[in-house]
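These notes are about the structure you will find just below.
Every number for a ligand or one of its atoms is a count from 1 in the order of the listing. For clarity, every value in this text was computed on a predicted model and none was experimentally measured.
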Amino acid sequence: MPVAVAADAARRFEEACEHARISRDTHELLMRPKSSLEVAIPLRRDDGSLEVYAGYRVRFDDTRGPAKGGIRFHPDVDPQEVTTLAFWMTCKTAVMDLPFGGGKGGVAVDPKQLSAAELERLSRAYVAAVADVLGADVDVPAPDVATDEMVMGWMAHELARIRRGHQPAAVTGKPLALGGIPGRSSATSEGAFHVLEELRASLLGDLDEPSVAIQGFGNAGAQLASRLAGAGYRVVAVSDSSAAVHDDDGLDVEALRAHKDRTGSLQDPPSGEQLDAGRVLTLDVDVLAPAALEGAVHEGNAADVRARMILEVANGPVTAAADTILDEAGVQLVPDILANAGGVTVSWFEWIQGRQGEQWSAEDVAERLEARMLRETGAVVRIGQERNLPLRTAAYVHALERLTEAIDATGTAELFSGG
Ligand code: GLU
């Protein structure tokens, strides 16, 4: 039997099941992934030595469509993390009503220790190792932590080589020149921006220039900082794994992005005051946007959070124990499976484009992304109001009720709970 999700994710699932009208079948099926593949990935290093890394691809559920989810390169990747992330993808695609299930992959490696050529060989070797379980109708990978469009280009190219033919819908997040779609790399931040704007009046009132702190200055975090700074928000702090930068009058986000591109970190910033990286989570701001890894806000620091609301741009940045503390303190939380769903939504557009041999414009992508984000944000808010649930639980209920419709349509089911 494959490894189950982390205890935290299981607890939230059980809580949501108490409020969702789902069948017993759905509850049983979603307690563990459908399949989980573990592989050894050999990499020839530039110095001629051979290193073998652990790689994974988990298909959590594919009742609603092919499994969908990113591939992560990070030293902490392990079977339980990948499984948990695949479960969240299953819920995320259901929240957005995309014709996908959920999957995730990863390699336990520190990509910062690899040369560009080693990274390319590793990306190709990963695809070679898991190719049997991939495909446009089966399981469709995408970028995640430390895997960008260049990595997706290598992976798509390798899959085409193995299958001896182009597979434009089998990998998303590809470079434009290899069948990618305009706006995919900014899709996560763009989606989060739309969700925030939609909820702004109800969560923040008519506040002028809300202040924002962003933890994580990778693809999603840095692009969100630019987007918000250009839309009347005051981005007062950003951090990466090594440092945080703070300025109450608002940071010069573009100068910081240029600094990070040039030096690789936020240390010794051109302007603003430097803080310890962890301090960004406890600043007195209107919006805190964790955009790095899981578990950033936990039992040990949740009581120190001073933000009025948290926008979960990363997957799983707030633990279940922290949820309870934040809820009691009145901190509003916009959950990851809604807030960061813009990425997979534009992956869906890329998948359609690839299957149909189309070329979408940036305008089409922007318009359809915004429409979908607003539609499903509205649906989650309505469930929250009607059943008196926080947004996180409402988002899970929304997802689980869509999942149960599909799962029950595949066979007979008895009711699990009234909700
Ligand atoms: N890695 C992204 C996520 O966690 C995108 C997944 C996808 O596009 O399939 O949502």
For ligand 1, indicate whether the residue P143 contacts it via side chain, backbone, both or neither (heavy-atom separation under 4.0 Å).
backbone
Should you measure from each heavy atom of M89, which atoms of ligand 1 turn up under 4.0 Å away?
3 (C), 4 (O), 6 (C), 10 (O)
Proximal atoms of ligand 1 relative to G69 (non-hydrogen, under 4.0 Å)
9 (O)
If you scan protein heavy atoms around atom 7 (C) of ligand 1, the nearest is A142 CB, 3.2 Å
Take atom CD in E358; do more than 12 heavy atoms of anything else shown fall under 6.0 Å from it?
yes
Give me the nearest non-hydrogen protein atom to atom 9 (O) of ligand 1 as residue plus atom name, then the distance to 0.1 Å.
K68 NZ, 2.8 Å
Polar proximity ligand 1 side, N340 side, N/O cut 3.5 Å exclusive:
no
Aromatic rings W360 and F349: how do their planes relate, parallel, tilted or perpendicular, breaks at 30° and 60°?
parallel
Taking NZ, NE, NH1 and NH2 as the nitrogens, is one of them in R161 or E158 under 4.0 Å from a carboxylate oxygen of the other?
yes
Side-chain heavy atoms of K174 within contact of R184, under 4.5 Å:
no
Out of R184, M152, K104, R72, whose heavy atom sits nearest atom 5 (C) of ligand 1?
R184
closest protein heavy atom to atom 3 (C) of ligand 1 is K92 NZ, 3.3 Å
Where ligand 1 meets V344 - atom numbers and elements under 4.0 angstrom, heavy-atom basis
7 (C), 8 (O), 9 (O)
Given the side-chain rings of Y396 and H19, with only the six-membered ring counted for Trp, is the space between their centroids under 6.0 Å?
no
What about the rings of Y53 and Y126, do their centers lie closer together than 6.0 Å?
no
Less than 6.0 angstrom separating the ring centers of W88 and F60, yes or no?
no
Which atoms from ligand 1 have a heavy atom of D144 less than 4.0 Å away?
1 (N), 2 (C), 4 (O)
Residue part near ligand 1, for N315, under 4.0 Å between non-hydrogen atoms:
side chain
Please state which protein non-hydrogen atom is closest to atom 8 (O) of ligand 1 and give its distance, to 0.1 Å?
S347 OG, 2.6 Å
Name the orientation class of the two ring planes belonging to H27 and F13 (parallel below 30°, tilted from 30 to 60°, perpendicular beyond 60°).
parallel
